[in-house]
Participant: 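Just passing along the structure, written as structure tokens.
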Amino acid sequence: MTPRTRSLYITGVWPWPRNSGGRLRAAATVRALAALGPVDVVQLAGTRRPAVPDEPDPDVRESVTLLPLDAAAPEVLSAAARATEAARDADYPAQVAEMCGAYRDRLADWLAGHRYDVVWCNRVNSWAPVHGLLTAPCVIDVDDLQNRLAQQRLDATGDAAEAENAKRWLRTQEAAARGADWLVVCSELDRCRLGVENCGVVPNVYLDTAEVTPLSSAEPRPRILLQGLFRYPPNADAARRLVDDVLPLVQREFPDARVWFVGQHGGELDRYAGRDDVRIFDVVPDVRPYVRAADVVAVPLRFGSGTRLKLLESFAMGTPVVSSQLGAEGIAATHGEHILLADDAEEQAAAVLGLLRDPAARRRIVAGARELVDHRYGAAVLNATVAEAVAQARRTFDHRRESG
């Protein structure tokens with residue numbers, strides 16, 4: 001019998017409820033680790049933890065132990081933590097340095113009293129506080145290349161601060177590659193961009209493929225949906241592009257067309273409050289009925305990284321997607337077969353109009369997209385790639401230990 005693997009999963013993103021891309025990936029990873037053995041989930045508590053967090057899915061609940069870890073107050077930080085703060089600030093982006101100061105001592109205490117076969121860090125900012133503390137193989141999930149995001153923001157805004165931010169993120173990701181035994185990214189494209197040898201792909205997957213009842217709605221008007229965390233700059237930019245540039249072109253033929261926004265926005269969407277042709281739902285317990293009720297899902301991203309789980313969710317829910325090329329990066333979706341790809345506002349509006357006009361085209365795209373999710377982005381792929389990442393981390397860890 002293969003020995004069970006005991007895992008520690010460190011995350012700044014509470015995985016449940018699975019109502020955002022980051023939470024979907026985190027929950028799926030915990031599920032795959034639970035297939036290998038017991039999992040302790042240490043959540044670095046903060047603003048991203050729901051006030052009433054959900055528990056893991058029932059079928060893995062017995063294998064998962066939740067261990068929320070509160071941040072240390074500044075006055076109780078150790079002398080060592082305070083002494084290294086300036087050095088960290090020089091090397092790390094601000095949010096990574098803050099995570100180190102808040103959690104390094106607490107994590108050190110926890111690790112001193114517990115043994116694990118593998119430690120899986122969800123993003124670099126969850127790894128930095130345990131750098132140098134681990135005595136077990138370590139995997140880091142780099143699901144977004146933050147240096148690339150900073151560079152894209154620099155290109156879009158000209159903000160000189162983003163140039164330094166991009167350099168810091170690049171140095172931090174390089175340090176993570178040296179410090180961890182194995183890294184994983186969302187796609188082969190991001191693996192090539194990261195450019196390190198100790199890296200593999202754990203693709204985003206979508207596991208909630210059961211039929212969902214659409215949201216009950218009396219409105220017959222066409223609905224174009226964009227979901228996501230709108231405090232995230234790429235999504236906020238996509239929202240503005242959809243309403244300001246794409247929607248007016250669609251309304252020339254369908255004057256009653258309406259945009260639905262679903263997701264936390266922190267005031268980013270307030271400019272559209274009160275408009276008859278925009279509905280803002282903010283955070284909802286389950287986004288799937290909203291996706292299922294939409295006529296088209298739009299993903300007009302102009303910058304960002306990773307792969308968009310919102311696309312896979314839309315594919316599984318049977319709602320056709322119009323996306324920019326960037327928005328569909330890392331997903332093996334073919335234009336005209338699984339998705340419609342368009343980059344400028346005129347092309348995006350034309351693609352939306354084509355789907356609203358032609359029910360047969362909608363059905364063809366929907367059928368192809370659902371087949372893609374079932375065959376390429378399901379549980380079997382997830383379990384296999386997570387298990388391989390754990391095995392690779394163990395091999396690298398053993399090699400490093402033997403080499404001294």
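The basis for the numbers below is simple: all heavy atoms, side chains too, and nothing from hydrogens, waters or symmetry mates.
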Participant: Taking only residues two or more places apart in sequence or in another chain, which ones pass side chain to side chain donor-acceptor pair (under 3.5 Å) with Q151?
Facilitator: D155
Participant: Keeping to residues at least two apart or across chains, list the ring-ring contact (aromatic ring centres under 6.0 Å, His included) pairs with something in residues 152-194.
Facilitator: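 Residue pairs with at least one partner in residues 152-194: there are none.
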Participant: Test your reading of the model: is there a side-chain donor-acceptor pair from W16 to the backbone of R18, 3.5 Å cut-off?
Facilitator: no
Participant: Output all residues satisfying side chain to side chain contact (heavy atoms under 4.5 Å, CB included) with V366, sequence neighbours left out; order by chain, then residue number.
Facilitator: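 Only P320 meet the side chain to side chain contact (heavy atoms under 4.5 Å, CB included) criterion with V366.
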Participant: Find the distance between CD1 (I280) and CD (E268) and round it off to the nearest 0.5 Å.
Facilitator: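 Between atom CD1 of I280 and atom CD of E268 there are 11.5 Å.
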Participant: Mind jotting down which residue pairs meet the side chain to side chain donor-acceptor pair (under 3.5 Å) criterion with at least one end in residues 311-323? Sequence neighbours excluded, please.
Facilitator: Y206-E313, Q227-E313
Participant: Return the set of residues passing ring-ring contact (aromatic ring centres under 6.0 Å, His included) with H114 (not counting sequence neighbours), or none when no residue passes.
Facilitator: W110
Participant: Show the nearest heavy-atom pair for residues W260 and A293, with the distance to one decimal.
Facilitator: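 Nearest heavy atoms, W260 then A293: CZ3-CB, 4.1 Å.
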Participant: For the side chain of R292 and the backbone of G318, is there at least one donor-acceptor N/O pair under 3.5 Å apart?
Facilitator: no
Participant: Could you go step by step and tell me if E164 and R171 meet the salt bridge (Lys or Arg N to Asp or Glu O under 4.0 Å) rule?
Facilitator: CA-CA 11 Å; E164 181 57 33; R171 290 196 300 267; 3.6 Å; yes
Participant: What verdict does the side chain to side chain contact (heavy atoms under 4.5 Å, CB included) test give for I339 and F315, after you've listed the backbone C-alpha separation in whole Å, the side-chain angles of each residue and the deciding distance to 0.1 Å?
Facilitator: CA-CA 9 Å; I339 193 171; F315 291 173; 4.2 Å; yes
Participant: For D141, what residues pass the side chain to side chain donor-acceptor pair (under 3.5 Å) criterion, not counting sequence neighbours?
Facilitator: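 Partners of D141 by the side chain to side chain donor-acceptor pair (under 3.5 Å) criterion, ordered by chain and then number, come out as R25.
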Participant: Got I331 and H338 here, is their nearest side-chain heavy-atom distance under 4.5 Å?
Facilitator: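 A side-chain contact under 4.5 Å is absent here.
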Participant: Under 3.5 Å, side chain of D358 to main-chain N/O of A360, donor-acceptor pair present?
Facilitator: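 A pair under 3.5 Å: yes.
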Participant: I'd like to know whether V118 forms a side chain to side chain contact (heavy atoms under 4.5 Å, CB included) with T5, so could you lay out the CA-CA distance, the side-chain angles of the two residues, the decisive distance to 0.1 Å, and finally the verdict.
Facilitator: CA-CA 7 Å; V118 67; T5 299; 4.0 Å; yes
Participant: Holding to ring-ring contact (aromatic ring centres under 6.0 Å, His included), I want the full list of residues that pass it with Y377, two or more places apart in sequence or in another chain.
Facilitator: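 ring-ring contact (aromatic ring centres under 6.0 Å, His included) list for Y377, sorted by chain: empty.
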Participant: Do Y232 and D144 touch side chain to side chain, with heavy atoms closer than 4.5 Å?
Facilitator: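 Y232 vs D144: side chains touch.
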Participant: With a 3.5 Å cut-off and no angle check, do the side chains of T396 and D181 form a donor-acceptor pair?
Facilitator: no
Participant: Atom CD of Q264 and atom CZ of F230: how far apart are they, to the nearest 0.5 Å?
Facilitator: 11.0 Å
Participant: Contact between V205 and L312 at the side-chain level, heavy atoms closer than 4.5 Å - yes or no?
Facilitator: no
Participant: Heavy atoms, side chains only, cut-off 4.5 Å: are R104 and L133 in contact?
Facilitator: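 They are in side-chain contact.
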Participant: Rounded to the nearest 0.5 Å, how far apart are CG of L311 and CG of L301?
Facilitator: 8.5 Å
Participant: For residues 241-251, which residue pairs pass the side chain to side chain donor-acceptor pair (under 3.5 Å) check, not counting sequence neighbours?
Facilitator: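 Checked against side chain to side chain donor-acceptor pair (under 3.5 Å) - neighbours excluded - the pairs reaching residues 241-251 are D244-Y272, Q251-D277.
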Participant: What residue pairs, at least two apart or across chains, pass salt bridge (charged side-chain N to carboxylate O under 4.0 Å, His left out) with a residue in residues 364-377?
Facilitator: R370-D374
Participant: Hey, could you give me the CG/CG distance between L107 and L8, rounded to the nearest 0.5 Å?
Facilitator: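 If we round to the nearest 0.5 Å, L107:CG and L8:CG are 8.0 Å apart.
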Participant: Which atoms form the tightest heavy-atom contact between N235 and L226, and what is the distance?
Facilitator: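 Of all heavy-atom pairs spanning N235 and L226, the closest is O-CD2, 4.4 Å.
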Participant: Does the side chain of M99 come within less than 4.5 Å of L44's, by heavy atoms?
Facilitator: yes
Participant: For W127, which residues count as a ring-ring contact (aromatic ring centres under 6.0 Å, His included) partner, sequence neighbours excluded?
Facilitator: H131
Participant: Answer yes or no: is there a side-chain heavy-atom contact under 4.5 Å between R258 and V278?
Facilitator: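 The answer is no; the side chains never approach within 4.5 Å.
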Participant: Does D190 pair with R148 as a salt bridge, N-O distance under 4.0 Å?
Facilitator: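 Result for this pair is no, no salt bridge flagged.
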Participant: Looking only at heavy atoms, which two atoms of S7 and L33 are closest? And how far apart?
Facilitator: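 In terms of heavy atoms, the two residues are closest at OG-CD2, 3.9 Å.
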Participant: Does the pair D109/R106 count as a salt bridge with the N-to-O cut at 4.0 Å?
Facilitator: no
Participant: Answer yes or no: is there a side-chain heavy-atom contact under 4.5 Å between D117 and P137?
Facilitator: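 Heavy-atom side-chain distance check fails, nothing below 4.5 Å.
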Participant: Do D40 and R6 sit within salt-bridge range, that is, some charged N less than 4.0 Å from a carboxylate O?
Facilitator: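 Salt bridge present between D40 and R6.
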Participant: Please report the closest heavy-atom contact between A257 and V250, naming both atoms and the distance.
Facilitator: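 In this case the closest contact between A257 and V250 is CB-CG1, 4.0 Å.
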Participant: With a 3.5 Å distance limit and no angle check, can you tell me whether H399 reaches the backbone of R395 through a side-chain donor-acceptor pair?
Facilitator: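 No; zero donor-acceptor contacts below 3.5 Å.
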Participant: How many angstroms lie between atom CG of D143 and atom CZ of R123, to the nearest 0.5 angstrom?
Facilitator: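 Separation between the atoms: 4.0 Å.
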Participant: Determine, step by step, whether V30 and T11 satisfy the side chain to side chain contact (heavy atoms under 4.5 Å, CB included) criterion, reporting the C-alpha distance in whole Å, the side-chain angles of both residues, the deciding distance to 0.1 Å, and the verdict.
Facilitator: CA-CA 10 Å; V30 171; T11 179; over 6 Å; no
Participant: Less than 3.5 Å apart, which donor and acceptor atoms pair up between the side chains of residues 342-352 and the rest of the protein, not counting sequence neighbours?
Facilitator:
unit_1, atom_1, unit_2, atom_2, d
D343, OD1, Q325, N, 2.8
D344, OD1, E346, N, 3.2
D344, OD1, E347, N, 2.7
E347, OE1, D343, N, 3.3
Q348, NE2, A342, O, 3.1
Q348, NE2, D343, O, 3.1

Participant: How far apart are the C-alpha atoms of C121 and V130, what are their side-chain angles, what is the distance that settles it, and do they pass the side chain to side chain contact (heavy atoms under 4.5 Å, CB included) test?
Facilitator: CA-CA 9 Å; C121 299; V130 296; 4.1 Å; yes
Participant: Locate the shortest heavy-atom distance separating V64 from P56; write the atom from each residue and the value.
Facilitator: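 Closest approach of V64 to P56: CG1-CG, 3.8 Å.
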Participant: Looking at every heavy atom in both S324 and L341, which two are closest together, and how far apart are they?
Facilitator: O-CD2, 3.9 Å
Participant: Can R191 and E188 be counted as an ion pair, charged N to O under 4.0 angstrom?
Facilitator: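 Yes, charged N to carboxylate O under 4.0 Å.
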Participant: Drop me the distance from R31's CZ to D57's CG, to the nearest 0.5 angstrom.
Facilitator: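 Atom-to-atom, R31:CZ and D57:CG are 4.5 Å apart.
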Participant: Would you check if the side chain of N165 reaches a backbone N or O of P93 as a donor-acceptor pair within less than 3.5 Å?
Facilitator: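 Judged by distance alone, no pair lies under 3.5 Å.
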Participant: I'd like to check the side chain to side chain donor-acceptor pair (under 3.5 Å) partners of R252; sequence neighbours left out, ordered by chain and number.
Facilitator: none
Participant: So do the side chains of P203 and T385 get within less than 4.5 Å of each other, counting heavy atoms only?
Facilitator: yes
Participant: Hey, does the side chain of R223 reach the backbone of D295 with a donor-acceptor pair shorter than 3.5 angstrom?
Facilitator: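 No, R223 side chain to D295 backbone: no donor-acceptor pair under 3.5 Å.
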